[in-house]
Amino acid sequence: MSKAIKLISLVSLSLIIVTALTTVVMASAPTISLGQYIDNNNEEVYVVQFNQQAFLLKACKKLEAIKLLNLASNVAIATIQDLEEFTSTFALDKVLSIPCTGVAADSDLPMNTALWADLNGSKKYYLQAPAPQEEGTFYSIPSRCNGLKEAFNIRKRVATSGAFRGNKPPAAALLKQEIPLSCGEGTSNPSEQPPSSGNSGNSWKLYKAEVAIADELETVYIALDEENFLGKNHRSLLSIHTIDGQKVSDLFWEGDPEKIAAIEKKLKQLFAIAANDNIASPAPELIDLTAKFPFVEICLESCNGPQKSFDHLLLSEDLPPQPIPSRELQQKMNLRGEREDYWSVGDNRLLQFYGCQELTRALGLRSSTATATTPSTTSSSEWLQELYSVIEVIDQEKILFRCPAKASNSCVRTFSDGQSLNNLSFRASAECRGKTRLELRIKGAVKVVESLILEGKKERNGFEEIEILGASSNNNYILPAAKGFKVTPMPPSVCLFDKKLPLILAQDLKKLTISNLTITTNSGSEDTSAPKIDLALDIQNSSTILSQMQIQNGGGLRSCKAEVYSLASNFKSSGIAILAAGTRLLLYGQGVDAEEEALRCSSGTTVLLYQGEILAPQTAFRLDRSEISIQKSSIVNPKRDLPAAKASVAFKMNKGNNVTVDYSTVSGFEYLTYFGQKENSIKFLLPITDLQSENVHLSSGEGSFEIIE
């Protein structure tokens with residue numbers, strides 16, 4: 001054995017591979033494990049194991065191996081310590097190798113090797129294994145594994161005379177043993193993960209460090225989460241000072257390796273960190289950051305026992321050691337319309353938890369005895385008041401820590417550049433059967449080949465919640481196919497709207513989330529008979545979160561009897577950008593650019609526009625029986641100096657509307673306000689500019705108009 005293979009000693013080679021397991025999403029596919037060793041030329045050599053059979057990846061570099069097998073770019077790779085034992089265990093010299101770039105596809109399998117393609121049944125290619133394999137042995141390659149198909153040059157083999165045996169599997173009498181090859185789903189590495197929407201995935205990291213506490217250096221574990229929140233990178237950090245009543249410093253002073261290993265295993269389980277992830281030392285700037293966050297005691301064993309008391313201390317730079325005044329969590333609404341638990345740690349500073357029951361239990365926190373209301377059961381005024389309350393907390397940066405929920409009961413599907421979406425992409429079938437939540441990950445430009453109907457009813461989708469998340473490192477698009485777009489018949493609407501064709505209809509969903517994604521209704525079709533897509537999104541009777549999302553090229557958003565929380569998003573429409581009936585609509589940091597109307601609201605719609613920018617050359621708001629609250633926003637007619645600006649209106653009200661505009665700009669309109677009937681009121685508090693000089697007329701018609709400054 002080469003001295004270059006003096007690496008980590010492991011009990012068995014089978015165990016090595018199992019510890020590096022990468023589970024493939026397809027339920028019937030074998031598990032995949034990747035390992036590497038250093039050869040006599042001091043070069044890294046990679047091997048892959050599918051269930052109980054391993055293969056050499058011939059001439060593969062690390063990234064080539066990962067791409068060939070379509071694995072996650074941060075896949076765990078085991079180190080092979082004993083090459084001779086490994087080769088013997090898996091009989092590497094008796095099975096084919098898998099070629100990488102620069103290796104001929106026929107190096108182990110001649111081009112005339114018998115090939116079957118069962119693309120309608122098992123969706124596999126079958127290659128008959130040559131000697132020294134036993135007669136009747138076949139290698140199978142799933143048709144979805146493009147890297148493996150290219151490595152073995154399947155296309156050329158199909159065209160090779162005498163090789164291709166037909167579109168069916170080998171006869172049962174011939175196929176005695178199948179050795180399956182497979183591939184993964186290509187999940188992105190952590191830096192490429194879609195931005196968290198509050199209940200998606202896990203991004204915790206665990207560190208161990210020495211930090212200064214009360215002029216002494218003490219050892220702590222640091223749990224860190226990073227997320228993109230409203231377009232900004234946000235770090236949440238917990239310094240774990242005491243575990244089950246024992247200081248972490250004392251734990252390491254005792255130096256019991258088995259006890260330390262057991263505790264670290266439980267910590268990883270608590271934060272959903274892979275068991276084989278190392279607990280590293282943090283960078284110096286991360287240690288400096290600990291002063292901003294609380295130091296806590298957690299419980300990992302018997303946390304619900306009657307004898308367990310939580311007399312933890314909270315330590316930080318400006319909070320001296322003291323008993324925690326309250327262990328009670330208070331529930332409040334967040335900017336996504338969800339109920340979250342908040343823990344006050346003094347000076348009106350908050351720790352925020354959403355779906356993190358294991359962590360709050362470990363911290364000894366308990367839910368409030370008060371019954372929390374849901375946004376849908378509160379009045380419009382209460383809903384607005386709650387939103388303003390959480391906006392104040394965010395603006396003043398009072399939230400120190402935000403706990404990301406673990407994904408549970410979720411099915412994850414990934415679509416990459418050039419792939420297509422249809423309604424089957426959203427069905428709870430195959431590997432998603434029995435799941436209630438779908439996470440659809442988009443990386444690049446994905447085409448929609450038919451009108452998408454996302455319906456919460458089991459007879460259609462079967463998912464109660466759907467998330468469509470774009471990878472943070474990409475420009476991600478959903479757009480209609482240029483040719484052959486199919487119009488799907490729409491189910492009956494819950495509102496009496498004009499009949500319009502949406503690209504995506506969401507109806508009766510518990511929650512729809514779309515994040516870091518651009519939806520365009522411009523198909524660029526060369527087919528003049530292609531249908532005109534009127535709307536990007538049609539939301540009916542569903543709670544919807546739109547985060548850092550763009551709507552471009554024509555179609556806008558329509559919403560009926562729904563709750564829509566749009567955060568740091570931008571809509572550009574050639575007609576009406578947002579049409580809402582019976583809807584509660586939050587527009588936070590929103591941009592709206594409309595050729596006709598920015599917002600048309602009716603039937604008891606309530607809107608909060610905060611730090612938004614509205615561009616509308618005709619009508620900014622057209623209202624009927626609605627309540628609109630605007631703060632710190634800009635509402636502008638971009639064509640104020642053109643003839644088209646004549647008869648433009650910022651607020652056009654029919655009946656029963658109440659509008660408040662605080663600390664905002666409204667400029668460029670011929671009419672600031674137009675009252676169709678008496679029962680309307682509008683109030684401007686401390687406008688940023690002179691409304692009289694910035695608009696031709698302040699108001700027209702009978703209604704209550706007031707400027708307070």
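Although no hydrogens or angles enter the test, the distance criterion places a donor-acceptor pair under 3.5 Å between the side chain of Ser542 and the main chain of Asp508.
Counted within 6.0 Å of NZ on Lys62, heavy atoms from surrounding residues, nucleotides or ligands total 12 or fewer; the atom is thus considered open. Under a cut-off of 6.0 angstrom, the local environment of CD in Glu150 is sparse, with at most 12 non-hydrogen atoms contributed by other residues, nucleotides or ligands.
Note on Lys435 versus Glu464: no salt bridge recorded, every NZ/NE/NH1/NH2 to OD/OE distance being 4.0 Å or above. Using a 4.0 Å cut-off between charged side-chain N and carboxylate O, Glu467 and Arg441 make no salt bridge. Classification of Glu64 and Lys67 as a salt-bridged pair fails, no side-chain N sitting under 4.0 Å from a carboxylate O. Of the charged side-chain nitrogens involved, at least one lies within less than 4.0 Å of a carboxylate oxygen, so that Arg558 and Asp538 count as a salt-bridged pair. Ion pair Lys511/Glu338 flagged as a salt bridge, since at least one NZ, NE, NH1 or NH2 atom sits closer than 4.0 Å to an Asp/Glu carboxylate oxygen. The pair Lys124-Asp118 does not meet the salt-bridge criterion, since no charged nitrogen lies less than 4.0 angstrom from a carboxylate oxygen.
Taking the centre of each ring, Trp204 and Phe271 come in below the 6.0 Å mark. Residues Phe50 and Phe55 bring their aromatic ring centres within 6.0 Å.
In summary, the side chains of Gln590 and Ser566 do present a donor paired with an acceptor at a separation below 3.5 Å, with no hydrogens or angles considered.
At a threshold of 4.5 Å between non-hydrogen side-chain atoms, the residues Val607 and Leu599 count as touching. Ile504 has its side chain within reach of Ile519: a pair of non-hydrogen atoms, C-beta onward, lies under 4.5 Å apart. Between Ile545 and Leu512, every side-chain heavy-atom pair lies at or beyond the 4.5 Å cut-off. Within the 4.5 Å cutoff, no side-chain heavy atoms of Leu609 are placed close to those of Leu585. By the 4.5 Å heavy-atom criterion applied to side chains, Leu586 and Leu387 are counted as neighbours.
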> Checking side-chain contact (heavy atoms from CB on, under 4.5 Å) for the pair Leu505/Gln540: CA distance, chi angles, key distance, verdict?
Replying inline: CA-CA 8 Å; Leu505 167 67; Gln540 301 194 27; 3.9 Å; yes
>> side-chain contact (heavy atoms from CB on, under 4.5 Å), that's the test. Do Leu440 and Phe415 meet it? Break it down for me.
In response: CA-CA 8 Å; Leu440 206 69; Phe415 289 82; 3.4 Å; yes
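Here the CD atom belonging to Glu597 is positioned 5.0 Å from the CZ atom belonging to Arg622, to the nearest 0.5 angstrom.
Between Phe138 and Trp116, the two ring planes are perpendicular [angle over 60°; tilted spans 30° to 60°].
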